[in-house]
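Written out below as structure tokens is the structure these notes cover.
In each ligand, atom 1 is the first atom listed, and ligand 1 is the first ligand listed.
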Amino acid sequence: MSTKFVCQECHKEYSLDQPIWRCSCGGLLELRSKVKKFRVVDEDRSLWRYRELLPIKDQSAIVTLGEGMTPLLKQKLGGHQVYVKLEFLSPTGSYKDRGAAVMLSKIREWGIKQIVEDSSGNAGAAIAAYAAAAGIECEIYLPAETSAGKIKQIRAYGSKVVKVSGNRDATSSAVMEKASSVYYASHSWNPLFFEGTKTMAYELWEQLGGISPEIIILPVGNGTMLLGAYLGFRDLLELEMIPGLPRFIAIQSAHCTPVYAEFNSLPDKVVTPTVAEGISVGNPVRKRDIVEAVRATAGVVLTVGDEDVLHGVEELAKQGIYVEPTSGTVAAGFYQALRKGMIPAKANVVLPLTGSGLKKG
Ligand SMILES: Cc1ncc(COP(=O)(O)O)c(C=O)c1O
Ligand SMILES: [Zn+2]
């Protein structure tokens with residue numbers, strides 16, 4: 001078996017023909033595959049151009065809405081030239097479409113007809129859209145406070161919405177009960193989701209002309225973008241296509257700091273409401289992996305306050321780029337890293353801009 005699910009706790013292995021999302025011992029699964037030389041399918045202008053590195057056997061099962069290959073622009077921020085990757089131009093308005101496309105394709109390949117998911121909004125919208133495209137029945141659990149625009153979007157795709165009062169973590173607990181009877185298409189638990197988000201790394205490599213960024217600034221809640229980027233760049237490293245990993249500057253909200261606290265061995269984390277709703281995750285299930293990934297890149301974890309986040313949104317909007325507050329964390333994190341001397345003058349820096357500003361209303 002060259003591609004398999006492996007449990008992080010008991011190391012049990014499962015074939016990819018088994019429709020599972022966690023180990024029978026309750027442990028988190030990883031997807032392991034031997035990275036082989038691959039051909040980019042150049043005529044495909046979506047992330048499926050990397051299909052040889054994606055875990056779908058039956059190509060007719062692929063569910064696509066044209067996700068991936070988002071633009072990479074050169075911008076000036078704080079007097080420094082950076083690249084911004086416009087992930088919010090994805091079909092449902094966030095980078096979560098990468099994970100949803102690959103996960104729903106596998107779910108369709110397995111013949112599953114009904115799924116459940118919990119989300120702060122964007123992952124729910126992405127999974128609802130791809131479930132609709134695949135003809136799969138879908139139910140999304142959300143914190144009651146989720147932006148109205150995101151709830152409206154999820155309902156529009158035909159998914160059932162269950163609002164849970166309390167914070168994001170209360171939603172995660174509520175969905176677990178349902179997940180005992182319906183397949184849990186979770187963006188945080190399910191390793192297939194990360195198979196989709198890893199494609200951003202391959203794209204960056206292509207769009208930068210066959211090199212890696214030196215620094216990449218990543219917002220972190222559950223770590224689907226960060227861990228996906230880590231998997232993707234690690235593949236490129238194993239294939240000797242890049243000489244080393246880019247440095248990860250991971251950004252958390254100063255109001256929700258589990259990864260920051262763990263990384264810096266602080267006794268307590270902060271978990272209070274923040275404008276950065278997408279990364280308001282008090283207990284990320286893959287926290288250990290996130291910290292290990294940041295360390296493996298010689299990276300750091302920074303926190304940004306809400307005022308700085310909103311300032312980041314404004315600065316991007318002044319350049320014609322309209323993102324949601326969660327994405328403003330990346331601009332705020334960049335300014336802070338610049339002030340702290342973490343950005344060398346000529347460094348090749350990428351800021352993925354994850355979510356659209358249009359979903360608020
Ligand atoms: C717009 C936006 N950016 C970033 C993130 C962070 O993603 P993750 O929780 O996977 O770290 C999210 C998650 O919902 C999001 O919606
Ligand atoms: Zn196990």
Side-chain angles (χ1 to χ4, degrees), residues 5-14 20-30 85-90 92-100 117-127 140 142-143 146-147 149-150 153-154 168-169 171-172 186-190 193-194 196-198 200 217-230 248 250-253 256 258-260 274-287 289-290 293-294 301 304 309 312-313 316 322-333 351-360:
F5 293 123
V6 182
C7 174
Q8 288 190 342
E9 301 305 321
C10 72
H11 310 293
K12 185 170 170 182
E13 297 185 358
Y14 298 85
I20 52 171
W21 57 270
R22 73 173 161 190
C23 180
S24 55
C25 81
L28 283 160
L29 295 175
E30 279 175 21
K85 177 102 167 117
L86 306 187
E87 289 290 284
F88 65 93
L89 295 182
S90 301
T92 75
S94 88
Y95 77 98
K96 305 270 189 187
D97 290 348
R98 294 181 185 274
E117 150 75 330
D118 59 309
S119 158
S120 65
N122 282 326
I127 289 169
I140 306 286
L142 292 166
T146 301
S147 298
K150 291 178 184 168
Q153 184 185 14
I154 292 168
R168 176 71 185 80
D169 299 309
T171 309
S172 300
S186 166
H187 61 288
S188 48
W189 276 90
N190 203 310
F193 199 88
F194 299 83
T197 55
K198 76 180 183 184
M200 186 182 75
I217 309 212
L218 299 152
V220 181
N222 271 310
T224 59
M225 170 163 270
L226 186 142
L227 291 172
Y230 182 59
F248 284 10
I251 312 297
Q252 290 226 285
S253 163
C256 190
V259 174
Y260 176 77
T274 164
V275 293
E277 63 180 10
I279 54 170
S280 183
V281 181
N283 290 307
V285 290
R286 294 184 188 266
K287 183 172 72 179
D289 293 351
I290 298 170
V294 176
V301 185
V304 290
V309 169
V313 171
L316 291 166
Y322 190 43
V323 294
E324 67 168 88
T326 307
S327 302
T329 59
V330 169
L351 280 63
L353 300 178
T354 49
S356 168
L358 295 175
K359 296 197 189 194
K360 262 294 188 210

Correct closest heavy-atom pair for Thr92 and Ala125 would be CG2-O, 4.1 Å
For the Zn ion (ligand 2) the protein N, O or S atom count under 2.8 Å stands at 4
Between Val281 and Pro258, the two heavy atoms sitting closest are O-CG, 3.2 Å
Donor-acceptor contact below 3.5 Å, side chain Ser356 vs main chain Gly93:
no
message = Could you tell me if the side chain of Tyr95 sits less than 4.5 Å from the side chain of Met200, heavy atoms only?
response = no
Contacts of Asp118 meeting salt bridge (Lys or Arg N to Asp or Glu O under 4.0 Å) (sequence neighbours excluded), chain-then-number -> Arg168
message = Between Glu324 and Lys150, does any NZ, NE, NH1 or NH2 come within less than 4.0 Å of an OD or OE carboxylate oxygen?
response = yes
Expected contact list for ligand 1 at under 4.0 angstrom, heavy-atom basis, is Tyr95, Lys96, Ser120, Asn122, Pro219, Val220, Gly221, Asn222, Gly223, Thr224, Met225, Gly278, Ile279, Glu324, Thr326, Thr354, Gly355
Looking only at heavy atoms, the pair that brings Gly333 and Val304 closest together is N-CG1, 3.7 Å
Sorted by chain and residue number, the side-chain hydrogen bond (donor to acceptor under 3.5 Å, both in side chains) partners of Ser280 (sequence neighbours excluded) come out as none
**Asked** Do Leu29 and Trp21 touch side chain to side chain, with heavy atoms closer than 4.5 Å?
**Response** no
